[in-house]
> 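Pasting in a structure now, in structure tokens, and then I'll have a few things to ask.
The shown structure was predicted, so the numbers you read here are calculated from the model rather than taken from an experiment. Naming: A, B, ... by sequence-line order, numbering from 1 per chain.
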Protein chains: 2
Amino acid sequence: MSKASERAYAEIRGLILTGDAPPGSPLTEEALADICGVSRTPVREALRRLEAELYVVRTGSQRLFVADWNSDDLAEMFTLRAMLEAHAAARAASRITAAALDDLRACNARIAAAIAATPADVATFLVENRRFHEIIISAAASPRLATMLAALVEQPVVRRTAARYGQAELSRSAHEHAELIQAMAARDSAWAQAVMTSHIRRAFHAFSAAAPEG
Amino acid sequence: MSKASERAYAEIRGLILTGDAPPGSPLTEEALADICGVSRTPVREALRRLEAELYVVRTGSQRLFVADWNSDDLAEMFTLRAMLEAHAAARAASRITAAALDDLRACNARIAAAIAATPADVATFLVENRRFHEIIISAAASPRLATMLAALVEQPVVRRTAARYGQAELSRSAHEHAELIQAMAARDSAWAQAVMTSHIRRAFHAFSAAAPEG
DNA sequence: CGACACCCTATTGTATACAAATTCCCGCGG
DNA sequence: CCGCGGGAATTTGTATACAATAGGGTGTCG
């Protein structure tokens, strides 16, 4: 996608993530085109992508609405993420380069710094945490896997979750990252896979505990 | 997607699967529009979808080519399918309705009949085998999972594989299906998951043995 | 008062025209 | 002969116009 399409995608995604377009609200191509300052064509492409990523849902008569996830959806999403990202970690462990390992270390150092700040710098934590996981997915060198994980939208959940995380959970996360780095440096796929699985499951449990309403 | 888009998607996908558009060959929107008898607009949508499903790849300058999978790609694809579809089987085991179970039984009966014929009716086997797996995926009731598995293109591989399958492999497949039905009827998620995992892994091994060149 | 049919409007689907970008080829000069 | 512009041609990106279709509202009839 080139400029306008990309812009429309980011814009609409932003509307959904910030809650400006709340779950269940209808989306019309023309209105979005106006908001984004482009024509319907790039908006349509953006909407197709958002639909594939399940940010928006389509009724039988082709009308689009902002997706509304219930707790079952979220649980399923975390389960899939745990499965796929653990697989990515296993692949990454046997393929990752020294440079990428250094990137991971640097990234986790920034995460640790963000946590150590008072108050904890949650925004930086989110950005760097995401980057950490992206490095691993990239190191797994599987376009299929990367595509699937991209579709497993995580931002809205992470955002809601992290705001409720305590220092303890953030620290534990950084510690698990450190163990992941160890596992990968040791080229131990099984270890990396196991750590990643529990890492994501714990994130889910923390989320469930913090936001039991779904 | 409505009529024209859908038609374009099916048409282009057909070109790729039959080999009329061989791996690595360039795809231009206008040529495809001519072939499909529609304008570029629905062709573009079809191509986006095919790109997401990795049937086609896009260069840095937005030109599209038929994807060319090597043996590593295929192995990765089977691994992911085994993982995701086993998860689908586990979910299906705890959710499937009596009616869907009957559908599975009927479907497997048709598979058995196709195998019993002399010579074995491979075309019917392929269609019904696909349907069998689709019923399970549908019973898993996870749109995310369904989307991902749809993207895990299987047709070209299955096609290439089944043509080389012997009666023994086909029979074993039907037998494994029967065991899957048992596991689901017993509402045994772990059993269903295990059977599905080995079912797909065996298919992969048979494929590798039959087509070691990739 | 309720149900049904019809029309009108809102929204999406498709085609086409035009703009931007990229590639390819040809001619030129070293 | 090779490398290097430069421009034409091909190809994709975007906008807009028009067609088709679904939904809602209203009026009428039972």
> Among all residues two or more places apart in sequence or in another chain, which pass the salt bridge (Lys or Arg N to Asp or Glu O under 4.0 Å) test with R202(A)?
E176(A)

> Using whole Å, what does the distance between atom C1' of nucleotide dT11(C) and atom CZ of R40(A) come to?
8 Å

> For the helix from dC1(C)-dG30(D) to dG30(C)-dC1(D), figure out the bend between the end axes, five pairs an end, and round to 10 degrees.
10°

> Mark yes when over 12 heavy atoms from residues, nucleotides or ligands other than R110(A) sit less than 6.0 Å from its CZ; otherwise mark no.
yes

> Please list, chain by chain and in numerical order, all residues satisfying salt bridge (Lys or Arg N to Asp or Glu O under 4.0 Å) with R131(A), sequence neighbours excluded.
none

> Check the distance between dT11(C)'s C1' and R58(A)'s CZ and give it to me in whole angstrom.
12 Å

> Examine distances only and state if a side-chain atom of R7(B) and a backbone atom of C36(B) form a donor-acceptor pair shorter than 3.5 Å.
yes

> Measure from CD on E45(B) to P on dG13(C) and round the result to the nearest Å.
7 Å

> When you compare the protein's N or O atoms with those of nucleotides 7-11 of chain D, which come within less than 3.5 Å of each other, and at what distance?
{"from": "dT11(D)", "atom 1": "O4'", "to": "R63(B)", "atom 2": "NH2", "distance (Å)": "3.4"}

> On the nucleotide dA15(D), are OP1 or OP2 found under 4.0 Å from the side-chain N or O atoms that S39(A) carries?
yes

> Please classify the nucleic acid contact of T41(B) as base, sugar-phosphate, or nothing, using heavy-atom distances under 4.0 Å.
base

> Start with the C-alpha distance between R49(B) and E45(B), add both sets of side-chain angles, then the distance that settles salt bridge (charged side-chain N to carboxylate O under 4.0 Å, His left out), and finish with yes or no.
CA-CA 6 Å; R49(B) 185 167 159 196; E45(B) 298 203 342; over 6 Å; no

> In this structure, how many angstroms lie between the P atom of dT14(C) and the CG atom of L32(B), rounded?
16 Å

> Do R44(B) and E29(B) meet the salt-bridge criterion of a basic N to acidic O distance under 4.0 Å?
yes

> Rounded to the nearest Å, what distance is computed from the NZ atom of residue K3(A) to the P atom of nucleotide dA21(C)?
8 Å

> Identify, with sequence neighbours excluded, every residue that meets salt bridge (Lys or Arg N to Asp or Glu O under 4.0 Å) alongside R105(B).
D102(B)

> Taking only residues two or more places apart in sequence, or in another chain, which ones meet D188(B) in a salt bridge (Lys or Arg N to Asp or Glu O under 4.0 Å)?
none

> Which whole-number value in Å describes the distance from D34(A) CG to dT11(C) C1'?
14 Å

> Provide, to the nearest angstrom, the distance between the CG atom belonging to L64(A) and the C1' atom belonging to dA22(D).
14 Å

> Just to verify, which of Q193(B), H199(B), H133(B) counts as forming a side-chain hydrogen bond (donor to acceptor under 3.5 Å, both in side chains) with E85(B)?
H133(B)

